[in-house]
Every structure is written in structure tokens, then in C-alpha cells.
Amino acid sequence: MTEPRNALVTGGNRGLGRSTARALAHRGIKVALTYRSGASGAAETVRMIEEEGGEAFALRLDIGDAGSFRGFAAELTGELLDRWGHDRLDVLVNNAGTGLFDALEEVTPERFDEQVGVNFRGTFFLIQALVPHLADGGRIVNVSTSLTRHVSPGTSVYAASKAAVEALTRSLAGELGPRGIRVNAVAPGPSATDFNGGAMRDDPELRDFLAAHTALGRVGSPEEIGDAIAALVSPGMRWVTAQRLEVSGGALL
Ligand SMILES: NC(=O)c1ccc[n+]([C@@H]2O[C@H](COP(=O)([O-])OP(=O)(O)OC[C@H]3O[C@@H](n4cnc5c(N)ncnc54)[C@H](OP(=O)(O)O)[C@@H]3O)[C@@H](O)[C@H]2O)c1
């Protein structure tokens, strides 16, 4: 297994998607990234990668719109061929996700469907659409959450949607293993991004609470998640598949 040549990172316009795209680019991997509404953020990620000596481009994709995925796959492979001379994808990072943190009595069918539709259904059907274009020996990383292991108020639907992603990860590792494709989940702990209204970044009380309940004594940075994902797709991890790797500094053990 060699170093990947290219990668697709969904939700690469900010947060963990941006840090993952940059970490991959730092390893010499060319990066396609997607955004839904954050076109300027996506352009900023591309600019950062180019300034750091890498290559990247951005495409729009709504993970809640599974009907668009075949067309997206054609657009992506066309861009890969035009820009970099091959149309096979080596790495798929399913990072885009949404967190709607509602208590049991507040969850509406609409919000339930949005959560499950993006985090689980969208991840499943995007993998289905892109697997025919994934190189043998490729890698899929699905971004889950530490909340599938520990609990926090109002996270039942979110955590369940990500637990489904973890189950999917193991099943697909079995299905895609004969092609040498490794499928793993990375489960970030609380990380300082816009997620959950930016609470893990901007709420000092929450940060202090989380830091006090984390073995390494602080909240994680986006760069620490991106570096872990980049390490997971590297050849040194070639015998690792069907795993859930928690990257949380030992949160809420
Ligand atoms: N931050 C944390 O503490 C934490 C912890 C555990 C797991 N995670 C997971 O890590 C992933 C990234 O989170 P983050 O912290 O970077 O959050 P974030 O800053 O809120 O970014 C979310 C990303 O997902 C994209 N996205 C959301 N809904 C989408 C849709 N329907 N279609 C396409 N893209 C969509 C957003 O795109 P637009 O901006 O264009 O809308 C954005 O790029 C998520 O899967 C999240 O569940 C985060």
C-alpha cells in the first residue's frame, strides 16, 4: 500500500473538515473538498492549502440530497482527471455532519430526519455513489463522535446517527476488504469549532468542565483531529480496518 495521491473531504470549508484537508495536503495528498453553503470558507481552505504548497479544489455538495450524488461523482471524477490526470479516488473522508441538540421532548420528526438524513443516510449513499470510483487499496474514514461512548444531555438522536455510522463502518470494512479498501471511523471528542454553536470554543465554563474531565486536561483543537485522520490513511496503518479510533485526549473516561 502506497501513500494516497488524492482525497475527498466533505465539509472542508471549516472546522474539522478544513483541518483534515490541510493535514492531508501537508502529507503531499491532493485534496478535493466539498461545502454546502460555505463557498467562501471553501475558497479559503483551498487558498490555505495552496499557500502551504499543496493542491486543492472545492465542489458544492448537499449531503442531505442523496439524489445528487451520482451527478456529483461524475463531476468529481471529471475534475480529478482534468486537474491531476487520473479519475480514481484514493481517500474518502465523510466529515460533513450536523448536530441538533434537543432534549427528548423537543425532537420533532423534521429535526430527527435532518439529523439522520445528513449524518447517516447521506454518508451511506455518498459511499455507495463513490465506491465505484475508489481505487483498490483506498481508504474511507467516517467521522463519528465520542458521544457514541459517553452521554451528554440532548444528544440522543445525534449520538444514534453516529452510532449507525460506526456500525456501517464495520459492515463496509467487510464488504470492501476484498478490494483492499480500509474503512474506519474516527470519533472526535469535543473540539473547538463552530459545532454546537461554537460552544466548545467559546463557552469558558463548558471548556473548563470538559478539560477537567479529559485525561490530557483540555479541549481538542481541529488540527489534532485532522492529524489523526491523516495518520490513519497513511501506509503505516495499512493493517487497520473496521476500527473506531477515538481522538479525544481521553474525554469522559
Ligand atoms: N467539533 C466537535 O466537537 C465534534 C466532535 C465530534 C464529532 N464531530 C463531527 O465532526 C464533523 C465536523 O464537525 P465540525 O466540528 O467541523 O462542525 P462545523 O464547524 O459545524 O462544520 C460542519 C460541516 O459540515 C457541513 N455540513 C453540514 N450539513 C451539511 C449538509 N447537509 N451537506 C453538506 N455539508 C454539510 C458544513 O458545511 P456548510 O458550512 O457549507 O454548511 C460544515 O462544513 C461532523 O460530522 C461532526 O458531527 C465534531
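Numbering of ligands and ligand atoms starts at 1, following listing order. Note: hydrogens, waters and symmetry copies are ignored here, and every other heavy atom, side chains too, is used.
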request  = Please state which part of Leu61 comes within less than 4.0 Å of ligand 1, counting heavy atoms only: side chain, backbone, both or neither.
outcome  = backbone

request  = Could you pull out, from Gly15, Gly11, Ala96, Gly97, the option with a heavy atom nearest to atom 22 (C) of ligand 1?
outcome  = Gly97

key: Numbered atoms of ligand 1 (with element) below 4.0 Å of Gly64, judged on heavy atoms   = 31 (N)

inquiry  = Can you classify the ring geometry of Tyr158 versus Phe195 as parallel (below 30°), tilted (30 to 60°) or perpendicular (above 60°)?
reply    = tilted

inquiry  = Would you say Met48 ends up clustered with Val31 if hydrophobic residues are merged whenever their side chains have heavy atoms under 4.5 Å apart, either directly or through other cluster members?
reply    = no

query = Considering only the protein, which heavy-atom contact is closest to atom 48 (C) of ligand 1, and what is its distance?
reply = Leu16 CD1, 3.7 Å

message = Could you check whether any side-chain heavy atom of Met200 comes within less than 4.5 Å of a side-chain heavy atom of Thr193, counting everything from C-beta outward?
response = no

key: Backbone of Arg88 reached by a side-chain donor or acceptor of Asn6 within 3.5 Å   = yes

query = Would you say Asn95 has any N or O atom under 3.5 Å from an N or O of ligand 1, going by distance alone?
reply = yes

note = Which of Leu168, Leu126, Asn119, Val143 passes side-chain contact (heavy atoms from CB on, under 4.5 Å) with Asn94? Answer is Leu126

request  = Pull out every atom of ligand 1 sitting under 4.0 Å from any heavy atom of Asp194, numbered as shown with elements.
outcome  = 19 (O)

ask   = In the single-linkage hydrophobic clustering (I, L, V, M, F, W, Y; side-chain heavy atoms under 4.5 Å), do Phe101 and Val219 co-cluster?
value = yes

ask   = Which of these, Asp65, Ile63, Val247, Val143, has its nearest heavy atom closest to atom 32 (N) of ligand 1?
value = Ile63

message = Please determine whether side-chain contact (heavy atoms from CB on, under 4.5 Å) holds for the pair Glu110 and Asp113, giving the CA-CA distance in whole Å, both sets of side-chain angles, and the decisive distance to 0.1 Å.
response = CA-CA 5 Å; Glu110 292 74 23; Asp113 288 348; 5.9 Å; no

key: Protein residue, atom and distance nearest to atom 14 (P) of ligand 1, heavy-atom basis   = Thr193 OG1, 3.6 Å

message = Yes or no: does Gly189 have any heavy atom under 4.0 Å from an atom of ligand 1?
response = yes

message = Between ligand 1 and Ser144, can you find any atom pair, the residue atom being a heavy atom, that is separated by under 4.0 Å?
response = yes

query = Between Thr155, Val157, Thr123, Thr145, which is the residue that forms a side-chain contact (heavy atoms from CB on, under 4.5 Å) with Lys162?
reply = Thr145

note = So ring-ring contact (aromatic ring centres under 6.0 Å, His included) across residues 214-246, not counting sequence neighbours, yields none

message = Please list the nearest protein heavy atom to atom 31 (N) of ligand 1 with its residue and the distance rounded to 0.1 Å.
response = Asp62 OD1, 3.1 Å

task = Tell me which protein heavy atom sits closest to atom 17 (O) of ligand 1, plus the residue, atom name and distance to 0.1 Å.
result = Phe195 CD1, 3.4 Å

key: Evaluation steps, side-chain contact (heavy atoms from CB on, under 4.5 Å), between Leu147 and Ser152   = CA-CA 7 Å; Leu147 284 163; Ser152 181; 3.6 Å; yes

key: Min heavy-atom dist Lys162 to ligand 1 below 4.0 Å   = yes

task = Could you tell me whether Arg47 and Glu44 make a salt bridge, using a distance below 4.0 angstrom between a side-chain N and a carboxylate O?
result = yes

ask   = Would Arg244 and Arg149 count as a side-chain contact (heavy atoms from CB on, under 4.5 Å) if you check the C-alpha gap in whole Å, the side-chain angles of each, and the deciding distance to 0.1 Å?
value = CA-CA 11 Å; Arg244 172 191 188 273; Arg149 177 183 57 77; 3.8 Å; yes

remark   = Looking at Leu33, Asn13, Thr10, the heavy atom closest to atom 37 (O) of ligand 1 belongs to Asn13

ask   = What part of Arg36, side chain from CB on, backbone N/CA/C/O, both or neither, has a heavy atom under 4.0 Å from ligand 1?
value = both

inquiry  = Test your reading of the structure: does Val118 have an N or O sitting under 3.5 Å from an N or O of ligand 1?
reply    = no

task = Look at ligand 1 and say whether Ser37 reaches it with a heavy atom at a distance under 4.0 Å.
result = yes

Check residues 54-61 and write down every donor-acceptor pair under 3.5 Å in which the side-chain atom is one partner and the other belongs to a residue at least two apart or another chain.
residue : atom : partner : partner atom : Å
Glu55   : OE1  : Trp84   : NE1          : 2.9
Arg60   : NE   : Arg36   : O            : 2.8
Arg60   : NH2  : Arg36   : O            : 3.4

query = Can an N or O of Thr145 be found at a distance shorter than 3.5 Å from an N or O of ligand 1?
reply = no

remark   = With heavy atoms and a 4.0 Å threshold, my read on which part of Ala187 contacts ligand 1 is neither

request  = Specify side chain, backbone, both or neither for Pro188, according to which of its non-hydrogen atoms lie closer than 4.0 Å to ligand 1.
outcome  = both

ask   = Which atoms of ligand 1 sit under 4.0 Å from any heavy atom of Met200?
value = 2 (C), 3 (O)

request  = Report the nearest protein non-hydrogen atom to atom 3 (O) of ligand 1: residue, atom name, distance rounded to 0.1 Å.
outcome  = Ser191 N, 2.8 Å

ask   = Counting only heavy atoms not in Glu205, do more than 12 sit closer than 6.0 Å to its CD atom?
value = no

ask   = For Tyr158 and ligand 1, does the shortest N/O to N/O distance drop below 3.5 Å?
value = yes

message = Could you tell me, atom by atom, which parts of ligand 1 come under 4.0 Å of a heavy atom of Pro190?
response = 3 (O)

query = Taking distance alone, with no angle check, do Gly38 and ligand 1 share an N/O pair under 3.5 Å?
reply = yes

query = Can you tell me how far the CG atom of Leu216 sits from the CD atom of Glu224, to the nearest 0.5 Å?
reply = 8.5 Å

remark   = Closest to atom 36 (C) of ligand 1 among protein heavy atoms sits Arg14 NH2, 3.8 Å

